[in-house]
2 protein chains.
Amino acid sequence: MGYQLELRHFNYFIAVAEELHYRKAAERLFISQPGLSRQIKQMEEILEAQLFIRNKKKVSLTPAGSYLKGEVEFILNHLELTKKQLKLIKEGSSGALRIGFLGSAMQKVVPNLLVRLRDRFPNIETSLDELSNHAQVNAVLKDKLDLGFVRLARVPKELAIKPVFEDSFSVVLPKNHVLSQSSFKGMKQLKDESFILFSQDYSPLYFDKVMSICEDAGFTPKVSHRSVHAQTIFTLVENNLGIAIIPTSLQNGFDLNVKFIELKKIKQRAQLSVIWKKDNRNPVLEHGVNLLLNQS
Amino acid sequence: MGYQLELRHFNYFIAVAEELHYRKAAERLFISQPGLSRQIKQMEEILEAQLFIRNKKKVSLTPAGSYLKGEVEFILNHLELTKKQLKLIKEGSSGALRIGFLGSAMQKVVPNLLVRLRDRFPNIETSLDELSNHAQVNAVLKDKLDLGFVRLARVPKELAIKPVFEDSFSVVLPKNHVLSQSSFKGMKQLKDESFILFSQDYSPLYFDKVMSICEDAGFTPKVSHRSVHAQTIFTLVENNLGIAIIPTSLQNGFDLNVKFIELKKIKQRAQLSVIWKKDNRNPVLEHGVNLLLNQS
DNA sequence: CTAATTGATAACCCATAGGCATTAAATAGT
DNA sequence: ACTATTTAATGCCTATGGGTTATCAATTAG
């Protein structure tokens with residue numbers, strides 16, 4: 001007494017229930033017949049129910065034993081399934097990847113990653129959250145996100161950061177502006193305009209780059225408005241409230257009454273980076289990062 | 001190596017996964033901490049997967065461990081059920097039915113089912129648990145309950161759901177309120193009252209319906225208090241802290257200083273549904289469901 | 001910097017799963 | 001009827017490994 005039911009009992013029980021023959025069952029289990037006899041007997045004592053009827057020449061299941069056989073088979077099958085699934089999770093081919101992104105990163109990189117993830121690992125579930133640079137860094141640090149897409153130069157030392165996309169800048173002008181693609185010669189022509197920019201604390205890197213572009217052209221820009229939404233910035237430009245400088249790829253996906261002039265000769269580039277926590281244990285993360293960095 | 005997974009490992013694993021603390025888990029299991037450490041380590045070797053992250057001061061589950069916890073809970077619950085059924089079969093009975101219910105479902109449907117079950121199948125044992133909608137869904141999913149009585153519109157796809165009772169709504173007013181059965185003309189008269197409702201996460205369906213009743217009357221209700229107990233709601237109304245809208249049948253069984261006005265002309269109805277797991281293996285479940293749905 | 005608390009290791013002990021030998025009962029063959 | 005054969009159960013023994021105590025190393029709190 002005081003014994004505990006174990007999975008061993010289940011395997012032995014199934015063998016006997018299928019063979020209906022102790023010696024054969026014992027052979028199949030690679031143990032001795034007396035050992036098997038004792039384990040089955042013990043099992044019956046633990047469950048306080050007779051499972052087999054043995055009359056010295058024939059073994060058969062009692063109703064209780066027959067019911068138990070079905071349930072034990074179910075449990076063992078479920079367990080096997082669980083082990084297989086566990087292996088998949090361990091390898092990272094199943095699980096969840098929580099992704100954060102800046103509004104301005106949706107144009108190419110993130111959709112591309114999602115498509116390739118679904119193709120290669122259909123069992124991985126993804127979730128998306130649009131968040132600011134700062135909120136993403138915090139979320140990744142706190143293990144609320146696995147991956148973040150940010151425009152930042154430096155991040156806390158717990159995080160890894162890798163550039164994934166580089167982009168030129170473009171000037172955004174109202175349709176009726178005097179300058180055009182052909183008449184535009186350089187930033188100097190814009191030194192008296194007032195500028196609409198992304199807020200400095202929303203994306204300090206972007207802000208610095210715009211400043212440095214103007215500095216290279218020999219002036220300091222007047223900044224009239226700041227916003228965190230590309231949509232807002234375009235609308236302000238449309239209404240003649242100023243001009244803007246944005247990462248070129250942002251112009252896709254909007255249908256507005258503005259014109260874009262790409263700054264091809266400017267050395268500054270807008271870069272988008274992925275961040276993740278170095279000691280994040282989510283095995284899925286590795287696949288995500290690989291897929292992003294080893295572009296094929 | 002060559003070790004086998006046993007039920008013992010499962011029990012130990014669940015203890016650690018719940019406590020997230022080896023010493024406390026060991027105490028709960030009445031074994032020593034080193035023994036527990038070794039068994040968990042062994043389990044990880046058998047499954048070839050890390051289940052916990054321990055950094056000397058904090059224990060947490062890996063994604064694999066978290067998945068395994070759910071499955072192991074299911075297996076252990078199912079095993080408990082099997083043992084119970086086995087005992088009943090041995091005693092010549094046909095099985096057990098574990099029922100969960102919302103407090104507000106006891107008035108008619110559940111007692112009715114219990115009486116008819118005992119008449120038709122005197123050998124079926126029943127057990128009852130009062131649980132929230134959410135807790136019932138989880139319990140049914142994990143094989144802790146066979147039947148649940150909930151107020152929900154949608155449930156996970158593993159579950160079946162069927163409406164069993166439909167009810168009008170009633171307004172609950174303090175005894176001294178100016179409105180009465182005869183002077184009540186419509187919900188519009190209540191647009192300036194503050195409302196006491198069941199919490200949204202306790203019963204989202206109920207919450208939505210109340211909102212829609214008020215919306216139909218052309219106002220958005222001020223919600224002053226939320227509770228999960230009908231008793232509490234009645235007491236709050238009694239003390240002039242607001243008025244409530246409840247399923248009509250709930251008014252039975254309480255003796256309180258409030259008055260009820262049934263909303264006969266309102267299209268919204270409170271409905272109670274049964275849920276069960278589609279692949280539940282309890283042989284008795286079918287009898288219970290049939291008795292409920294094929295009302296005689 | 002000390003004290004306290006964590007999980008992991010090491011060495012030991014003994015409970016028990018499983019082995020071998022044997023027995024008792026049931027059947028088959030002559 | 002009497003072996004010969006085969007069944008599951010019993011008795012005894014061994015050794016694997018689960019669980020113990022003592023201790024360590026790492027981390028945190030004061």
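In the text below, chain A, chain B and the rest are named by the order of the sequence lines, each starting its count at 1.
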With sequence neighbours left out, the residues meeting side chain to side chain donor-acceptor pair (under 3.5 Å) with A/Glu286 are none
>> Rounded at 0.5 Å granularity, tell me how far OH in B/Tyr12 sits from CZ in B/Arg28.
In response: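 B/Tyr12 OH to B/Arg28 CZ: 12.5 Å, rounded to 0.5 Å.
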The reported gap from CZ in A/Phe198 to CG in A/Asn133 (rounded to nearest 0.5 angstrom) is 10.5 Å
If I take atom [atom1] in residue [X] and atom [atom2] in nucleotide [N], what distance separates them, rounded to the nearest angstrom?
| X | N | atom1 | atom2 | value |
| --- | --- | --- | --- | --- |
| A/Glu6 | C/dT16 | CD | C1' | 12 Å |
| A/Glu44 | D/dA9 | CD | C1' | 12 Å |
| B/Lys58 | C/dT6 | NZ | C1' | 13 Å |
| B/Leu7 | D/dG18 | CG | P | 14 Å |
| A/Met43 | C/dA17 | CE | P | 14 Å |
| A/Tyr12 | C/dG18 | OH | P | 3 Å |
| A/Lys41 | C/dG18 | NZ | C1' | 16 Å |
| A/Arg8 | C/dT16 | CZ | C1' | 9 Å |

Query raised in the report: Hey, does the side chain of B/Ser37 come within less than 4.0 Å of C/dA8's phosphate (OP1/OP2), counting only N and O?
Result: yes
Can you tell me if A/Lys90 uses its side chain to pair, donor with acceptor, with the backbone of B/Glu48 under 3.5 Å? yes
Report yes or no: does B/Ser66 contribute a side-chain atom to a donor-acceptor pair with the main-chain N or O of B/Thr62 at less than 3.5 Å?
no
Minimum-distance nucleotide to [X] side chain [options: [options]]:
| X | options | answer |
| --- | --- | --- |
| A/Tyr3 | C/dA17, C/dA8, C/dA11 | C/dA17 |
| B/Arg54 | D/dA8, C/dA8, D/dG18 | C/dA8 |
| B/Gln39 | D/dG19, C/dG18, C/dG7 | D/dG19 |

Would you say the ring centroid of A/Phe74 lies under 6.0 angstrom from that of B/His78?
yes
Applying ring pair (Phe, Tyr, Trp, His ring centres under 6.0 Å), run through A/Phe13 and A/Phe52 and close with a yes or a no. CA-CA 10 Å; A/Phe13 170 73; A/Phe52 295 103; 5.6 Å; yes
Using a cut-off of under 3.5 Å, enumerate the N/O to N/O pairs linking the protein to nucleotides 28-30 of chain D.
none

The single option from A/Glu45, A/Arg54, A/His9 passing side chain to side chain contact (heavy atoms under 4.5 Å, CB included) against A/Ile40: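 Option passing the side chain to side chain contact (heavy atoms under 4.5 Å, CB included) with A/Ile40: A/Arg54.
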Ordered by number, residues from residues 14-36 of chain A within less than 4.0 Å of DNA chain C (heavy atoms) are A/Phe30, A/Ile31, A/Ser32, A/Pro34
query: With no hydrogens and no angle check, do the side chains of A/Asp146 and A/Asn282 hold a donor and an acceptor under 3.5 Å apart?
result: yes
- Mind jotting down which residue pairs meet the ring-ring contact (aromatic ring centres under 6.0 Å, His included) criterion with at least one end in residues 27-51 of chain A? Sequence neighbours excluded, please.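 Qualifying pairs: none.
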Any base atoms under 4.0 Å from A/Phe52, or only sugar-phosphate, or nothing? Heavy atoms, all strands. nothing
Point to revise | Rounded (10°) bend between the five-pair end axes of the helix from C/dC1-D/dG30 to C/dT30-D/dA1 | key: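 So the angle between the two local helix axes works out to 30°.
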(Q) Please list all pairs meeting salt bridge (Lys or Arg N to Asp or Glu O under 4.0 Å) that have one or both residues in residues 68-83 of chain B, counting only residues at least two apart or in different chains. (A)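 Sorted pair list: B/Lys69-B/Glu73, B/Glu73-B/Lys142, B/Glu80-B/Lys83.
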